[in-house]
Amino acid sequence: MTSFSIGETDFLRAGLPHQVISGAIHYFRVHPDQWQDRIRKARLMGLNTIETYVAWNAHEPRRGEWDASGWNDLGRFLDLIQAEGMDAIVRPGPYICAEWHNGGLPNWLTAGERELRSSEPTYLAEVSEYLRRVYEIVAPRQIDRGGPVVLVQIENEYGAYGSDKAYLEALVALTRDAGITVPLTTVDQPTDRMLADGSLPELHKTGSFGSRSAERLATLRAHQPTGPLMCSEFWDGWFDWWGGVHHTTDVAAAASDLDELLAAGASVNIYMFHGGTNFGLTNGANHKGRYLPIVTSYDYDAPLDEAGNPTAKFFAFRDVIAKYAPVPEELPAPAAAAPAFSVPLTSAGAWTDAAASTPASAAPTTFDELEHLSALVRYDVTLPEGRGGLLRVDAVRDLAWVSVDGQTVGTLSRTRHERALRIPDGRTLSILVEDQGRVNYDHRLGEEKGLIGTPSLDGVPLKGWSSTPLDVAALAARTGARVAKSSEDVVSGPSAWIAEFDLASPADLFLDTAAWSKGYAFLNGFFLGRYWRNGPQRTLFAPAPATTSGANRLVVLELEELFAPTADFVSGAMLGDTEE
């Protein structure tokens, strides 16, 4: 068996100095049938290692319902890395950030007042059970047992959050007790405080940064005086949020920074090599004074784009890597344009009008209290004496459509800091609230979703709320089983739509959503994700394994208005305007 260890100045692989040249691929952001393709292209760029986070809430969305199959088959993903002749780095968290909803922590774990990311006993007990399950997959796949795993990370940028050394010590102990023998690392942004707070003397410290490599490596060396230097998150791009721009980085500048790292003898993990997609409802959000939900695409301006095609950055990075390590002569095949065509959408009627499913309560019930994992809850209350007035809410998380007797009268947006709206006279007030993505960074992890507190009308609390959870995936499945109606039979407000089309063979597709407002799209039951005219993202990526030869069915659940009842498929991604 091959050994992997930390020497005085270098990583040692089989006893010889070794420079880790790694790239990040998150298995949970890529269709499993496309894992092998992405891994192989990483090797063709010259990488010798693949790094991945483990998303706890993907594996265990409900407590005790652990799943390590299909999309969650971490073992298979690691086996495919080994089959390509590459090493693997595993970062199991439990917190991962990653612009992933709730930073990877399950909703059931973060609900309530429990102290997170700490040595608090009940939290630590849950984390221990989670890590034990992960290490059952990882331990037999370590390099000293004939597998690909060479490094395992403890927590994730912990110095930006806390400084509970007992917590880190407990994670190390349970990791070693679970049979993990490879070197253990931590990662922090290269500031003195974060590097000091986020690690332990026995852990190998690494840095996360995307520029000024020499300066950042010097700071890292001050805190890690021996062993190899490593940037285990070399940020080669950035993420996008709704209402912003599409972020890109200069190819030559990114390649120069990578060159500076490798020339210094440092090891590197490129974040991201291939970003993939926040399929379904998996996007996170950031909140630094303003709530900003992450878009569906996680293209990240990476060397391999959202659909797995090499970009200019791929070839620039490949040329840099070739100066320091062997690079295969083979190049990835050029990308073929996706099929471009349009098909009509036909109406399938209303879809948010389900009967109330819970008993009335004095205050609205949060998503968390309902143990609801989908995107929407509808709140209904009878207006006293049928009178309107000034509606106020304590907080809306995150976007609400307010209607009276079925007629929309306005919206309340967390991003826009809106909490009040004047409503007309009527019988029933309905507030449809969307969870737009759980914050994935800092101390807002685990915050409740929905209508928070008790809304008031002209200063008087409104009582007697029914809170109806709406599972958008289940509603789409029911819609997809219907016979579509005439396109002229259009309801006002949220409406469902169906399109059918044939393909000669399965193919990657790009669905243009520019003529729609806001909602969710499903192809053959596969949840492509959210769309929103707020931009910057305009297309939704549909991976080829989600399509079929012959008949295909698209279901669109629109929350506002379709400006044109057509589904347009285009030849490539349109991710929005950049800052240039």
Side-chain angles (χ1 to χ4, degrees), residues 101 240-245 281 283-295 352 363-368 372 374-381 383-384 387-426 428-444 447-463 465-470 472 492-494 516-520 530-537 558-561:
H101 63 123
D240 298 341
W241 52 86
W242 293 114
V245 297
L281 304 171
N283 66 282
N286 280 294
H287 196 308
K288 297 178 180 179
R290 189 169 187 236
Y291 173 80
L292 298 171
I294 307 300
V295 303
T352 61
T365 309
T366 66
F367 284 54
D368 304 77
H372 181 53
S374 194
L376 297 168
V377 171
R378 195 188 72 238
Y379 299 99
D380 302 307
V381 69
L383 290 171
R387 288 185 171 274
L390 184 61
L391 173 70
R392 288 189 181 275
V393 300
D394 292 346
V396 59
R397 297 182 185 152
D398 302 300
L399 180 60
W401 292 263
V402 181
S403 61
V404 174
D405 295 339
Q407 297 300 309
T408 301
V409 295
T411 59
L412 297 172
S413 165
R414 179 184 188 182
T415 298
R416 297 193 298 264
H417 306 287
E418 295 169 339
R419 296 184 181 181
L421 181 69
R422 191 164 294 281
I423 62 172
D425 294 346
T428 302
L429 167 67
S430 295
I431 305 177
L432 181 66
V433 177
E434 182 188 31
D435 167 3
Q436 293 189 284
R438 291 187 178 249
V439 172
N440 52 258
Y441 188 76
D442 208 8
H443 289 77
R444 291 182 181 268
E447 64 184 4
E448 291 187 308
K449 292 290 188 174
L451 278 183
I452 309 303
T454 303
S456 65
L457 188 66
D458 289 334
V460 179
L462 286 168
K463 301 293 181 67
W465 291 87
S466 63
S467 306
T468 306
L470 301 175
V472 295
S492 62
W516 309 344
S517 293
K518 191 180 198 309
Y520 319 94
R530 309 174 194 253
Y531 65 86
W532 195 5
R533 63 180 171 183
N534 198 22
Q537 179 175 351
E558 170 63 50
L559 285 160
E560 295 178 350
E561 179 185 3

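If you're wondering where the values come from, they're calculated on a predicted model, not measured in any experiment.
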I'd like to know if the side chain of [X] reaches the main chain of [Y], judged simply by a donor and an acceptor atom lying under 3.5 Å from each other, with no hydrogens or angles considered.
X: Ser374; Y: Val472; answer: yes
X: Asp458; Y: Leu390; answer: yes
X: Arg419; Y: Ala395; answer: no
X: Asp398; Y: Gln436; answer: yes
X: Arg392; Y: Ala420; answer: no
X: Thr408; Y: Ser403; answer: no
X: Tyr379; Y: Thr365; answer: yes

Pairwise side-chain contact, [X] with [Y], heavy-atom cut-off 4.5 Å (strictly under):
X: Pro424; Y: Asp405; value: no
X: Pro384; Y: Leu462; value: yes
X: Leu281; Y: Asp435; value: no
X: Arg444; Y: Tyr291; value: no

Which value, rounded to the nearest 0.5 Å, describes the distance between [X] atom [atom1] and [Y] atom [atom2]?
X: Thr352; Y: Trp401; atom1: OG1; atom2: CH2; value: 10.0 Å
X: Leu432; Y: Leu470; atom1: CG; atom2: CG; value: 6.5 Å
X: Thr411; Y: Leu421; atom1: OG1; atom2: CG; value: 7.5 Å
X: Ile423; Y: Arg387; atom1: CD1; atom2: CZ; value: 12.5 Å
X: Asp380; Y: Ser430; atom1: CG; atom2: OG; value: 3.5 Å
X: Asp394; Y: Leu451; atom1: CG; atom2: CG; value: 9.5 Å

To check you understand the geometry: which heavy-atom pair defines the closest contact between [X] and [Y], and what is its length?
X: Trp241; Y: Val295; result: C-CG1, 3.5 Å
X: Pro536; Y: Gly243; result: CD-N, 4.1 Å
X: Asp240; Y: Ile294; result: O-CG2, 3.3 Å
X: Pro461; Y: Thr454; result: CB-CG2, 4.1 Å
X: Gly426; Y: Val404; result: CA-CG1, 3.7 Å
X: Pro364; Y: Gly453; result: CD-O, 3.3 Å

Got a sec, which residues hit side-chain contact (heavy atoms from CB on, under 4.5 Å) with Arg397, two or more places apart in sequence or on another chain? Arg414, Glu447, Glu448, Lys449, Ile452
Could I get the full list of side-chain contact (heavy atoms from CB on, under 4.5 Å) partners for Asn534, not counting sequence neighbours?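 Trp242, Trp532.
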Of Glu561, Glu560, Glu558, Glu434, which is the lone residue that meets side-chain hydrogen bond (donor to acceptor under 3.5 Å, both in side chains) with Lys518?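 Output: one option passes, namely Glu434.
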Can you tell me which residue among Arg438, Arg530, His101 is in a side-chain hydrogen bond (donor to acceptor under 3.5 Å, both in side chains) with Asn283? Arg530
When the ring planes of Trp516 and Tyr531 are compared, do they come out parallel, tilted or perpendicular, using 30° and 60° as the limits?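 If you compare the ring of Trp516 with that of Tyr531, the planes turn out perpendicular.
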